[in-house]
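So the structure is just underneath, and the comments pick up after that.
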Amino acid sequence: MDIARHINRLNPRQREAVLHTDGPLLVLAGAGSGKTRVITTRVAYLLSQGIPSEAVLAVTFTNKAAKEMRQRVMGMLKANGTKPPLISTFHSLCMNILRREIDKLGFRRDFTIYDTSDQHSLIRNLLSEIRYEDKSFKPESILERISMAKNDMPLPRSAKKDEPDDIEVISDAVYPKYREAMKTLNAVDFDDLLLHTVKLFNEHPAVLQRYQDKFRYILVDEYQDTNRVQYRLVSLLAGKHRNLCVVGDDDQSIYGWRGADLGNILDFERDFPGTVVVRLEQNYRSFGNILQAANGVIRNNRQRMEKTLRTEQGSGPKVSVFRADETDDEAKWVADRIELLKFEQQIAYDDVAILYRANLFSRPFEEALRRKRIPYTVVGGTSYFEQREIKDIASYLKICANKRDDLSLLRVANIPKRGLGPGALGKLFAFAKEHSLPLLDACRRADEVLDLGKRLRNSAQGLAELIERYSARFAQSKDMSNALRDLIDEIHYREHLHDLYKNQQSVIKRIEGYENFISSLAVYEKEEKLPDLHGFLEALALTDMLEQKDETKTFGVTLISFHSSKGLEFPIVFIVGVEEGILPHKKSIHDVEEERRLFYVGITRAMKKLFITHTRHRVKYGKAVPSSPSRFLEELPAEVTQNVSRFADDSPDTPEKAAEDFFKNIQRMMQK
């Protein structure tokens, strides 16, 4: 293994991070500082020192990042055929552990992983069960509270000083029933994957010791995004050998709203005495003026570890700041500027990104780009896995894999129609509850449900027979994709779509959707050494929505939110709507520092040229409302920024200069 060649390509700080092997290590990796190269080279170096592959664990947040890390490590190791270590997401790691050990917690090993849609259905059922009629509390609100409770690992109610609000009261009432129902259904949600693993380690020390001895060297990527449960999990695994390396950037911690705890990285030295800290401050992405703008903004945060980004690429052009009259004027200016850059500098549309605080701000920019016939892609929207036909087919697979999964059976019991409407299913469900049976067993014993008509009993038994038959076929078959196609044909799902959607194009789109799903199953079977239905459903469940957005194939100008842009880079970036109430957001005014980090992340996406826009008036609910420039604009260093006019990006915003530049641009266009 010629690992020395890879190490010699690193700068001194990167090399220090790679060569430190024993004891706790905190790598503060600034934006664009080559952290992935450091992580992968460090893993390869550990293996070159004779450490077995099985003893090394690298954990990150998305399958995309794990795959990239795995490919890079394999590229370094291919010379001698060393087996790759486990490079995994948090959820995949915990899922694999639980698949072997969850029976110690009273679950069966063939558990199902519930996604958000499944959780919503269960919450609705539980609200109905406790006869809670207030429709103002939506399932997602209750699930949000439950998830927060799980991830924050809060103190008991008696230890809290504040009185609970209404939503917390109902969430507290639903939570115990939710946990009980999940255990009955032999199901876990995404939070449970982590929580159950921590519980397993806490309650079964011998199991914990086995995994501590297995993973003697642990590396965690994007550590600033970890929550308290992930922190506890990592602390338990690394507690014996203490060879823990975490890589992250506190300045890019922007997920506090979904549980990320900035304190995990800020307190790492205190939590792991003897920590060595390495700062990666050399940026390989952006010109100097962009980095100075980023440094100038982020240094105003108090909760941070000191670091300053620098580059050897030169200063580059100044950061351009444009103030538009109102919303549509801002969008028109951005579209005009993109068109001018394309005309004058032959930039590719794919090199341009428009960043905004939230997806709801995309509309005026879409309209302006359409008027200019500039191609674009909006990153976001409905997930492929949330489409109706995919959810239907996935539910059939889930009940075939886990016969206790009542929610999946309820979803497909009348898809296509079998006469098993709410009334019939209610009677079957009541029978199941009375006899402590899964709903599938109740369908099998439908003859015993006396208040069901003969036709409905036959339908229920036919459904049970169908599930049993295909469950056996999926378990035995080495050709699951063809089994799925046969199932779809047998239930006449294509005809069901024709009945559901009268528009032929909609039907074709849905058919293409499930055909792609069948193809995904075929690819899984081909790539996996020991494919099974559980493995496919796990891969399906662990594909998170943010990752789907990141992997979207974009064409033309990219329209994207700050949160979704993290980890990406673009030669030319427009940050729009930089106004008070938007950035910082009016609902986040209590945590301005995270909003400032969000702006910092946006700035550091730009490689060559950065434009920042705001308006004098913002159209809200059809009315023009006065806007104030964001406080963050005042934090941009004056020497690296310039206020620009409608036509110029290198001159003061004056009417005389604007007119002069206008005529210069007209002459330049005529000459070309």
Side-chain angles (χ1 to χ4, degrees), residues 112-122 124 378 380-403 405-425 428 439-440 443 455-456 458-471 473-474 477 479-525 533 536-537 539-541 543 545 548-549 552-553:
T112 299
I113 302 174
Y114 274 9
D115 61 17
T116 304
S117 177
D118 297 324
Q119 291 176 275
H120 285 177
S121 297
L122 179 56
R124 280 192 289 267
V378 180
T382 304
S383 161
Y384 167 74
F385 296 107
E386 289 299 314
Q387 294 174 14
R388 184 170 188 165
E389 68 278 8
I390 304 305
K391 294 292 294 181
D392 288 346
I393 295 169
S395 293
Y396 268 107
L397 294 183
K398 287 179 182 180
I399 186 59
C400 286
N402 174 14
K403 296 174 186 176
D405 188 353
D406 290 355
L407 283 185
S408 292
L409 184 59
L410 283 170
R411 179 182 178 90
V412 299
N414 211 36
I415 297 178
K417 291 183 178 180
R418 300 183 176 88
L420 298 176
L425 288 172
L428 287 164
L439 183 59
L440 185 64
C443 289
R455 184 177 61 85
L456 294 179
N458 289 340
S459 292
Q461 290 175 325
L463 174 61
E465 188 275 331
L466 176 82
I467 298 302
E468 291 286 354
R469 183 156 40 86
Y470 276 96
S471 178
R473 186 171 171 186
F474 283 122
S477 175
D479 195 358
M480 291 187 291
S481 56
N482 276 339
L484 177 56
R485 186 178 297 282
D486 289 346
L487 171 60
I488 291 170
D489 288 343
E490 183 170 342
I491 64 175
H492 304 293
Y493 191 75
R494 182 184 293 245
E495 291 80 355
H496 167 70
L497 292 177
H498 278 284
D499 292 338
L500 204 60
Y501 302 100
K502 303 307 178 184
N503 183 291
Q504 186 66 17
Q505 288 301 115
S506 296
V507 174
I508 292 173
K509 182 179 179 182
R510 304 288 175 173
I511 292 173
E512 288 175 349
Y514 76 63
E515 286 291 345
N516 288 335
F517 187 87
I518 296 172
S519 298
S520 297
L521 179 53
V523 170
Y524 166 80
E525 289 183 282
L533 187 55
F536 175 69
L537 290 172
L540 188 71
T543 303
M545 293 188 68
Q548 293 162 25
K549 293 174 185 176
T552 299
K553 300 298 182 183

Query raised in the report: Is there a donor-acceptor contact under 3.5 Å from the side chain of S408 to the main chain of I399?
Result: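 Between the backbone of I399 and the side chain of S408 there is no qualifying donor-acceptor contact (under 3.5 Å).
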Query raised in the report: Taking the side chain from N402 and the backbone from K398, do they hold a donor-acceptor pair closer than 3.5 Å?
Result: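 Side chain of N402 to backbone of K398: no pair is present.
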How far does [atom1] of [X] sit from [atom2] of [Y], to the nearest 0.5 angstrom?
{"X": "I511", "Y": "K509", "atom1": "CD1", "atom2": "NZ", "value": "13.5 Å"}
{"X": "D405", "Y": "C400", "atom1": "CG", "atom2": "SG", "value": "10.5 Å"}
{"X": "R485", "Y": "Y514", "atom1": "CZ", "atom2": "OH", "value": "7.5 Å"}
{"X": "E515", "Y": "I518", "atom1": "CD", "atom2": "CD1", "value": "4.5 Å"}
{"X": "D489", "Y": "L484", "atom1": "CG", "atom2": "CG", "value": "9.5 Å"}
{"X": "C443", "Y": "I467", "atom1": "SG", "atom2": "CD1", "value": "9.0 Å"}

How far apart are the closest heavy atoms of [X] and [Y], and which atoms are they?
{"X": "K403", "Y": "E468", "value": "NZ-OE1, 2.9 Å"}
{"X": "R455", "Y": "G419", "value": "NH1-CA, 4.2 Å"}
{"X": "L537", "Y": "A394", "value": "CD2-O, 4.4 Å"}
{"X": "V412", "Y": "R418", "value": "O-NH1, 2.9 Å"}
{"X": "G513", "Y": "I390", "value": "O-CD1, 3.4 Å"}
{"X": "L407", "Y": "S121", "value": "CD2-CB, 4.1 Å"}

With side chains defined as the heavy atoms from C-beta onward, is the minimum distance between [X] and [Y] less than 4.5 Å?
{"X": "L500", "Y": "R510", "value": "no"}
{"X": "I488", "Y": "Y396", "value": "no"}
{"X": "Y524", "Y": "M480", "value": "yes"}
{"X": "E490", "Y": "R469", "value": "yes"}
{"X": "L463", "Y": "L409", "value": "yes"}
{"X": "S481", "Y": "E525", "value": "yes"}
{"X": "Y501", "Y": "R388", "value": "yes"}

Query - Ionic contact status for R473 with D486, cut-off 4.0 Å - result: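 So D486 pairs with R473 through a salt bridge.
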Report task. Before accepting this row, confirm whether a basic side-chain N of the pair R411/D118 lies closer than 4.0 Å to the acidic partner's carboxylate O. Result ->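 Looking at R411 and D118, the cut-off is not met.
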Requested in this report: Identify, with sequence neighbours excluded, every residue that meets side-chain hydrogen bond (donor to acceptor under 3.5 Å, both in side chains) alongside Q461.
Outcome: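 For Q461 the side-chain hydrogen bond (donor to acceptor under 3.5 Å, both in side chains) partners, ignoring immediate neighbours, are D447.
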**Report entry** Partner residues of N414 under the side-chain hydrogen bond (donor to acceptor under 3.5 Å, both in side chains) criterion, sequence neighbours left out
**Finding:**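 By the side-chain hydrogen bond (donor to acceptor under 3.5 Å, both in side chains) rule, N414 matches no residue at all.
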**Report entry** Set of residues satisfying ring-ring contact (aromatic ring centres under 6.0 Å, His included) with respect to H496, sequence neighbours excluded
**Finding:**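 If we apply the ring-ring contact (aromatic ring centres under 6.0 Å, His included) test to H496, skipping adjacent residues, the hits are Y493.
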